[in-house]
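Positions are given from 1 along the sequence. Read the numbers this way: they start at 1 and go in the same order the structure lists the ligands and their atoms.
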Amino acid sequence: MRSLALGFFCLLYCNTAQPERRRPKHITVKGRNDTTIQNITVENPCKAMPLDFVFVIDSSRSIRPNDYEKAKTFIIHLLQFLDIGHNATRVGLLQYGSVVQPEFSLNTYTTKAEVEEAVRNMQHLATGTMTGLAIQYTMEVALTEEQGARQMSLQIPRIAMIVTDGRPQDTVEEIAAQARQAGIQIFAIGVGRVEMNTLKAIGSEPHSEHVHLVANFSQIETLISVFKSKLCGGEESLILSLVSLFVYHV
Ligand SMILES: *[C@@H]1O[C@H](CO)[C@@H](O)[C@H](O)[C@H]1NC(C)=O
Ligand SMILES: *[C@@H]1O[C@H](CO)[C@@H](O)[C@H](O)[C@H]1NC(C)=O
Ligand SMILES: *[C@@H]1O[C@H](CO)[C@@H](O)[C@H](O)[C@H]1NC(C)=O
Ligand SMILES: *[C@@H]1O[C@H](CO)[C@@H](O)[C@H](O)[C@H]1NC(C)=O
């Protein structure tokens, strides 16, 4: 019952967190085992919580070369808010066109500098848009223990951030639902003429937190401030939605 109460608290609270509200120093995360209560001490809010975080980047033909560079810049800016390390946040990245191309896994790099360099070095595929296939790969390969995701019992949030500029050539609804049910928190970011319904079929609830649509790749930078507040704790919402993620898996 306590978990239900906390989940309900989150439903009410996560969407209404006031920007000016200060984050408490200690956040108690209720785990799937009732006797397990873990304290997370927030020294630097940006480094509040380890994550297993996989970027899933649309590398289709319709993305122009300078837009592809902007997508890379967006990723590099987001990395600034993550505390990357073997025992902190692990980052993986795959891009997809007609096929899925893994760039690096959660267990490939242990420093931010290495991750940044790998992002800078990735090459535009310029093929199709097999978004469903990419989500399937994320669930079945990229966010598994074999590839460096930590055991489910450690309750490290598994996050996939999908950036796409177009209409998928395959179906996404069912596979995205499966991935969410498997405990993956999915952020869906659409750039340009992406249908909102497609993004909503991909992203986790609440959609106000997880689903974002911007007009073009220049506008994608406007999302940095949104994610900065989520990842750095300007608001409590991400932390609390992660808490709710745990709670729903009790
Ligand atoms: C919960 O965790 C405690 C401490 O780790 C353990 O002793 C207990 O057996 C666990 N209970 C269940 C139901 O898994
Ligand atoms: C969690 O932190 C609070 C506040 O510092 C403390 O009173 C409490 O004992 C801690 N609980 C555990 C299980 O460590
Ligand atoms: C990670 O944590 C484990 C267990 O606490 C420790 O043995 C190991 O040295 C740590 N690794 C790094 C790179 O900090
Ligand atoms: C991107 O979209 C914004 C908002 O619609 C618009 O003002 C801007 O001119 C666009 N930039 C480019 C390069 O198309």
Ignoring hydrogens, tell whether any protein atom lies closer than 4.0 Å to [atom]; use the non-hydrogen atoms only.
atom: atom 11 (N) of ligand 4; value: yes
atom: atom 4 (C) of ligand 3; value: no
atom: atom 7 (O) of ligand 3; value: no

Self-check item: N87 neighbourhood, listing ligand 3 atoms whose heavy-atom distance to it stays under 4.0 Å
Solution: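 Going through ligand 3 atom by atom, the ones under 4.0 Å from N87 are 1 (C), 2 (O), 3 (C), 8 (C), 10 (C), 11 (N), 12 (C), 14 (O).
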Between [X] (side chain only) and [Y] (backbone N and O only), is there a donor and an acceptor less than 3.5 Å apart?
X: K200; Y: V211; value: no
X: T129; Y: P168; value: no
X: S59; Y: L125; value: yes

Exercise for review: Quick one: look up the protein heavy atom nearest atom 13 (C) of ligand 3 and list residue, atom name and how far away it is.
Suggested key: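 Of the protein heavy atoms, H86 CB, 4.2 Å lies nearest.
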| Which residue supplies the protein heavy atom nearest to atom 1 (C) of ligand 4, what is that atom called, and how far is it? |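 The answer is N216 ND2, 1.4 Å.
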With heavy-atom distances below 4.0 Å as the criterion, list the atoms of ligand 4 near Q219.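 Answer, ordered by atom number: 1 (C), 2 (O), 3 (C), 4 (C).
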- Query: Which ligand 4 atoms, with their elements, are less than 4.0 angstrom from a heavy-atom of A215?
  - Reply: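 So the atoms of ligand 4 that pass are 2 (O), 5 (O).
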Problem - Side chains of F55 and V119 in contact at under 4.5 Å (non-hydrogen atoms) - result: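 Sidechains of V119 and F55: no contact.
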- Measure the acute angle between the ring planes of Y68 and H124, then classify it against the limits of 30° and 60° as parallel, tilted or perpendicular.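 Parallel, since the angle between the ring planes stays under 30°.
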Hey, quick one: are V99 and Y137 part of the same hydrophobic cluster, counting side-chain heavy atoms closer than 4.5 Å, chains of contacts allowed?
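V99 and Y137: separate clusters.
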